[in-house]
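A short write-up of the structure that comes next.
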Amino acid sequence: QLQLVESGGGLVQPGGSLRLSCVASGFTLDYYRIDWFRQAPGKEREGVSRISSTGRSTNYADSVKGRFTISRDSAKNTVYLQMNSLKPEDTAVYYCAAIRRSWYSSRWYEPTEYDYWGQGTQVTVSS
């Protein structure tokens, strides 16, 4: 079964850290750009970070720049999102998505353009 599975979410106090993982099963992530999105209750899904298939290019939303770091480990077929200095406004369900393109675009794609989506992992930042 070809799928992405996120993990690592949970409840954390403001200022704390979490590391989310996005693992692919049934296919290799080596040829895919991976994007992280999040969706808070009552809000639209927003792009958080993305990493090129080679790992050489990364981008971040202004709201998380300097606090979140995206990386990938080819040997583990996994992409990570390290989240530090978490704030209550980071509370959301976080999703990873994979898209295979021969170029690295600076835009977020429409949800239907992605080849795979994970099921999401809940991140709650609260004291």
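These figures come from a predicted structure and were not determined experimentally.
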Exercise. Does Y114 belong to the same Ile/Leu/Val/Met/Phe/Trp/Tyr cluster as W103, with side-chain heavy atoms less than 4.5 Å apart forming each link?
Worked result: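 Yes; W103 is reachable from Y114 via cluster members.
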
If you round to the nearest 0.5 Å, how far is [atom2] of [Y] from [atom1] of [X]?
| X | Y | atom1 | atom2 | result |
| --- | --- | --- | --- | --- |
| R67 | L86 | CZ | CG | 6.5 Å |
| C96 | D35 | SG | CG | 9.5 Å |
| F68 | S85 | CZ | OG | 9.0 Å |
| M83 | R38 | CE | CZ | 9.0 Å |
| C22 | R72 | SG | CZ | 9.0 Å |
| L81 | T121 | CG | OG1 | 11.0 Å |

Can you tell me if [atom1] on [X] sees more than 12 non-hydrogen neighbours from other groups inside 6.0 Å?
| X | atom1 | value |
| --- | --- | --- |
| E113 | CD | yes |
| K65 | NZ | yes |
| R107 | CZ | yes |

Indicate yes or no: at least one non-hydrogen side-chain atom of [X] is less than 4.5 angstrom from one of [Y].
| X | Y | answer |
| --- | --- | --- |
| Y104 | T54 | no |
| S53 | Y31 | no |
| L29 | L4 | yes |
| S105 | R33 | yes |
| Q122 | L11 | no |

For this session: Please lay out, stage by stage, how S17 and V12 fare under the test side-chain contact (heavy atoms from CB on, under 4.5 Å).
Result: CA-CA 7 Å; S17 298; V12 63; over 6 Å; no

Problem set entry | Donor-acceptor side-chain pairing of T78 and D73 below 3.5 angstrom |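 The answer is no; no qualifying pair exists.
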
Exercise. So, does E6 use its side chain to make a donor-acceptor pair with the main chain of L20 at under 3.5 Å?
Worked result: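 Such a contact is absent between E6 side chain and L20 backbone.
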
Exercise. Is a side-chain donor or acceptor of Y60 paired with a backbone partner of I70 at a separation under 3.5 angstrom?
Worked result: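 Indeed, once roles are kept as given, a pair shorter than 3.5 Å links the two residues.
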
Exercise. Checking R100 against F27: charged group under 6.0 Å from the ring centre and within 45 degrees of the axis?
Worked result: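 Here R100 fails the 6.0 Å and 45° test against F27.
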
For this session: For the residue pair F37 and W117, categorise the inter-ring angle as parallel (less than 30°), tilted (30 to 60°) or perpendicular (more than 60°).
Result: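 Aromatic pair F37/W117 classed tilted.
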
For this session: Apply side chain to side chain donor-acceptor pair (under 3.5 Å) to the pair D115 and Y32, showing each step before the final yes or no.
Result: CA-CA 9 Å; D115 299 298; Y32 291 84; 5.1 Å; no

